[in-house]
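Quick notes on the structure that follows.
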Amino acid sequence: MTSQTMTATTMTPPTDQGTWVLGDLTVNRIGFGAMRLTQNGAAFEAGAAPSDRGRAMSVLRRAVELGVNHIDTAAFYFSPLRSANELINQALAPYPDDLVITTKVGPSRDASGAWRPHATPEQLRGQVEENLRQLGRDHLDVVNLRIVGTDSIAERFGALARLRDAGLIRHLGLSNVRPEHLAEAQAIAPVVCVQNLYGLGVRPDQDEFVRVCGEQGVAFVPFYAIAGAGREAGASGADGETVLAVARAHGASAAQVRLAWTLHRGPHVLAIPGTGNPDHVEENVAAGALRLSEDELAVLNAFHQGGV
């Protein structure tokens with residue numbers, strides 16, 4: 001990956017790439033993912049060193065200063081000494097009026113960090129209440145039901161819809177799902193967003209689902225848009241010459257090109273890059289100013305179809 005980045009003088013707020021509405025909540029299209037806040041190294045890796053508390057909180061505050069008003073988190077984002085939700089609470093409360101916090105339920109981890117079986121419909125209320133407590137909120141802006149597998153989600157999504165009706169949740173979304181899951185959920189309650197693995201050269205089979213979400217007015221929110229195949233470990237830096245050539249042409253980093261390409265996929269596509277590094281927050285936000293030409297998009301799209 002090239003070490004060049006866009007300078008502070010060229011940095012513009014993420015609104016430069018527009019906004020999207022999650023239900024009735026307007027967000028800038030570049031947000032922030034909190035998964036990597038709690039420890040150094042790969043997320044969820046056993047034995048990894050906890051992150052520096054002050055540094056993690058400064059990352060969150062800097063993101064908001066730069067115009068980020070959409071933070072993605074989960075109660076299962078934690079290390080032995082750090083909880084992403086509690087870092088968000090301590091760094092940002094009292095929360096800005098326009099800040100939208102999206103969280104996920106379904107998965108959970110025990111105190112040792114080991115994964116538990118995904119929640120049953122009856123267990124989802126406890127997970128929602130855990131997020132409320134950690135974030136210090138009386139309701140959650142957006143809750144995504146994250147699933148594994150192809151089974152029906154009707155019972156679990158219906159349980160969340162009832163919590164929405166009770167006022168604990170404002171809007172509902174889905175994570176790690178297929179088109180048939182979206183259709184199933186939409187028949188129960190409105191869905192404002194879908195979070196799936198997707199990025200430049202990663203999961204081109206999702207292209208059609210991205211398009212369908214746009215037609216339905218549902219935000220598509222890729223995770224690992226920068227990390228790609230690196231997933232929880234983060235970006236490997238092993239970007240191909242296609243991506244690096246576009247980056248050099250703009251005096252940008254490969255990560256910025258990946259984010260810019262993501263935003264070019266449609267006005268409903270949001271980005272939630274995560275980092276524990278304040279410099280990377282600035283770099284990620286600056287990607288909102290990166291305009292790719294039609295020729296560059298054609299080259300990158302061809303790379304995308306060819307896979308990682």
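Worth knowing before you read on, the calculation uses all heavy atoms, side chains too, and leaves out hydrogens, waters and symmetry mates.
One finds a salt bridge joining Arg125 and Glu129 here, because a Lys/Arg side-chain nitrogen approaches an Asp/Glu carboxylate oxygen to under 4.0 Å. The pair Arg203-Asp207 fails the salt-bridge criterion, with no side-chain N (NZ, NE, NH1 or NH2) lying under 4.0 Å from an Asp/Glu carboxylate O.
No side-chain N or O of Ser293 forms a donor-acceptor pair with one of Asp295 less than 3.5 Å apart. Defined by atom type and a distance below 3.5 Å, a donor-acceptor pair is missing between the side-chain atoms of Gln256 and His250. Tyr77 and Arg82 are not linked by any side-chain donor-acceptor pair at a separation below 3.5 angstrom, with hydrogens and angles left out of the test. Of the N and O atoms on the side chains of Asn40 and Ser51, not one donor lies less than 3.5 Å from an acceptor on the other residue. A side-chain N or O of Arg265 and one of Asn301 form a donor-acceptor pair less than 3.5 Å apart. One side chain, Arg53 or Gln90, offers a donor N or O that lies under 3.5 Å from an acceptor on the other. One side chain, Asn85 or Asn131, offers a donor N or O that lies under 3.5 Å from an acceptor on the other.
Side-chain contact check for Val128 versus Leu160: some heavy-atom pair is nearer than 4.5 Å. Looking at heavy atoms from C-beta onward, Val269 lies in side-chain contact with Pro222 at the 4.5 angstrom threshold.
Heavy-atom neighbours of Glu215 CD from other residues, nucleotides or ligands within 6.0 Å: above the threshold of 12.
Follow the hydrophobic side-chain contacts under 4.5 Å out from Val218 and you reach Ile153 in the same cluster.
Aromatic rings of Tyr198 and His304 (six-membered ring for Trp) have centroids within the 6.0 Å cut-off, being under it. Remark: aromatic rings of Trp20 and His70 are distant, center separation not under 6.0 Å.
Across Leu22 and Val192, no two heavy atoms sit closer than the pair CD2-O, 3.7 Å.
Stacking of Arg178 on the aromatic ring of Phe209 is not recorded, the 6.0 Å distance cut-off and the 45° axial limit not both being met.
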